Amino acid sequence: FFLATKGLHLSVEFTGGTLVEVGYTQSADIEKIRKQLDADGFVDTQVQNFGSSRDVLIRVPLAKDTETAKVGERVMASLAKVSGGDTPTLKRVEFVGPQVGKELASDGAMALLLVVIGIVIYLAIRFEWRFAVSAIIANLHDVVIILGFFALFQWEFSLPVLAAVLAVLGYSVNESVVVFDRVRETFKKKRGMNTPQVLDHAITSTISRTIITHGCTQMMVTSMLIFGGPALHYFALALTIGILFGI
C-alpha cells in the first residue's frame with residue numbers, strides 16, 4: 001500500500017545530482033561537514049570518506065535551476081567554514097544525470113528479479129516446484145516489508161539499502177532450505193502426520209537455530225546501526241527489519 005501510494009524516496013544515485021570530491025591534508029571530520037552542509041540548506045546530502053580519511057566524497061541531490069559549478073562553489077564555501085585551517089582542495093565536480101539514475105534503478109530491479117528467479121530454480125531442483133513457489137512468496141514477504149517501511153517513513157533508498165534487501169532475501173532462503181530439509185525428513189520418518197503437522201513440526205524443531213543465528217547476526221548489525229554513522233545507518237536499518245521479520 002505505502003509503496004503504491006507514497007513510493008520510495010530514492011537517493012542521488014538513482015535521481016541524479018552533483019558529486020563533489022575534496023581532499024584534506026589531515027583526516028577530515030565527516031560529522032562536522034555533514035552538520036555544516038545541513039545548516040547551509042543542503043538536503044539529503046551524502047558525505048563519506050573516499051579512498052582514505054583525507055578524501056571526502058559529497059553527493060548533493062538534483063535541484064531545479066541550479067548549475068553544477070555553482071553547487072560546487074556553495075559546497076566549498078560551506079567546507080571552508082569548518083576547515084579549521086586545513087583548507088580543502090577541490091578535486092572534481094561531476095554531474096550525475098537522472099538518466100544514469102534510471103539505469104541504476106532498472107539494473108537494481110533486474111538484480112532483484114534475477115535473484116528471485118535463481119532461488120526458485122534452485123529450490124525447485126533441490127525439493128519440488130511447490131516448495132519453490134511457497135518459499136519465494138514467504139521470502140518476498142520480508143523484502144516487501146522492508147520496502148514498505150522505507151516508503152512509509154520516506155527513508156532514503158540507496159544502493160547500500162538495495163544490497164541489504166538482496167542480503168535479506170538470501171538469508172531468508174537459507175532458513176527456507178533448512179526448514180524444507182526437515183520437512184522432507186519428517187515426511188519420510190513419520191507417516192502418520194498430515195501436511196500441516198509436518199510443517200509445524202519442521203518449523204518448531206528449527207526455531208531455536210533460527211533465533212540463535214538471526215540473533216548473532218543482529219548483534220553485528222546493531223553495532224553497525226549504533227556506531228556505523230549515517231553512511232551505514234539505512235543499510236543496517238534495512239537488515240534489522242529483514243532479520244526481525246524473518247524470524
Side-chain angles (χ1 to χ4, degrees), residues 1-20 34 37-48 57-68 71 74-75 94-120 133 135-173 218 221-222 224-225 228-247:
F1 173 77
F2 291 118
L3 278 170
T5 55
K6 288 191 168 190
L8 292 169
H9 172 44
L10 298 173
S11 71
V12 66
E13 293 118 329
F14 296 111
T15 59
T18 305
L19 296 180
V20 182
R34 282 196 187 101
L37 289 170
D38 285 343
D40 288 341
F42 290 98
V43 182
D44 291 335
T45 304
Q46 296 176 15
V47 183
Q48 63 192 83
L57 187 66
I58 300 165
R59 291 186 175 97
V60 182
L62 189 66
K64 291 180 181 178
D65 306 322
T66 305
E67 293 178 20
T68 305
V71 170
R74 285 179 58 209
V75 168
E94 288 181 10
F95 175 69
V96 181
Q99 190 58 46
V100 177
K102 284 179 186 174
E103 192 176 323
L104 270 173
S106 61
D107 286 353
M110 182 58 70
L112 189 60
L113 182 63
L114 289 175
V115 167
V116 168
I117 292 170
I119 288 167
V120 169
V133 172
I136 209 63
I137 291 170
N139 295 337
L140 284 176
H141 152 272
D142 296 348
V143 171
V144 170
I145 284 176
I146 295 171
L147 297 178
F149 268 98
F150 273 78
L152 170 61
F153 296 108
Q154 288 295 287
W155 294 330
E156 189 177 63
F157 188 86
S158 59
L159 287 177
V161 175
L162 177 60
V165 169
L166 292 174
V168 166
L169 188 56
Y171 205 63
S172 297
V173 169
Q218 187 56 47
V221 174
T222 303
M224 279 196 291
L225 191 62
L232 286 175
H233 180 73
Y234 289 122
F235 171 74
L237 194 60
L239 282 174
T240 298
I241 295 166
I243 288 169
L244 294 179
F245 278 93
I247 291 177

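Fair warning: this is a prediction, and the values are worked out from it, not measured in the lab. Heads up: numbering here begins at 1 and tracks the sequence.
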message: Within the 4.5 Å heavy-atom criterion, are Phe42 and Val75 side-chain neighbours or not?
response: yes
- request: Hey, could you give me the CG/CD1 distance between Leu112 and Ile117, rounded to the nearest 0.5 Å?
  value: 10.0 Å
field: Val60 and its side chain to side chain contact (heavy atoms under 4.5 Å, CB included) partner, picked from Leu37, Leu19, Thr45
entry: Thr45
- request: Please identify each residue that fulfils ring-ring contact (aromatic ring centres under 6.0 Å, His included) with Tyr171, with sequence neighbours left out.
  value: His214
Atom pair CG/CG of Leu162 and Asp107 - distance to nearest 0.5 Å: 10.0 Å
field: Heavy-atom closest pair, residues Gln154 and Gly7
entry: NE2-O, 2.9 Å
message: Please report the interatomic distance CG(Leu152) to CG(Leu3), rounded to the nearest 0.5 Å.
response: 10.0 Å
Sequence-distant partners of Phe2, ring-ring contact (aromatic ring centres under 6.0 Å, His included), two or more places apart: none
query: Would Leu147 and Phe157 satisfy side chain to side chain contact (heavy atoms under 4.5 Å, CB included), going step by step from the backbone distance to the final call?
result: CA-CA 9 Å; Leu147 297 178; Phe157 188 86; 3.5 Å; yes
task: Check each of Asp142, Ile146, Val116 against Leu169 using the side chain to side chain contact (heavy atoms under 4.5 Å, CB included) test, and report the only one that passes.
output: Val116
query: So how far is it from Tyr234 OH to Thr240 OG1, rounded to the nearest 0.5 Å?
result: 13.5 Å
message: Can you confirm whether Val143 sits close enough to Asn139 that some side-chain heavy atom of one is under 4.5 Å from a side-chain heavy atom of the other?
response: no
- prompt: Any side-chain heavy-atom pair from Val133 and Val120 closer than 4.5 angstrom?
  reply: no
query: For Lys6 and Ala151, which heavy atoms make the closest approach, and how far apart are they?
result: CD-O, 3.5 Å
Non-hydrogen atoms of Ala238 and Phe150 that approach each other most closely: CB-CE1, 3.9 Å
query: Parallel, tilted or perpendicular: which fits the ring planes of Phe149 and Trp155, with parallel below 30° and perpendicular above 60°?
result: parallel
task: Nearest 0.5 Å please: distance from the OG atom of Ser172 over to the CD1 atom of Ile136.
output: 9.5 Å
task: Not counting sequence neighbours, which residues clear salt bridge (charged side-chain N to carboxylate O under 4.0 Å, His left out) with Arg34? List them please.
output: Glu31
Contact check, side chains of His233 and Leu225, non-hydrogen atoms, under 4.5 Å: yes
message: Give me the atom names and distance for the closest heavy-atom approach of Phe235 to Val161.
response: N-CG2, 4.2 Å
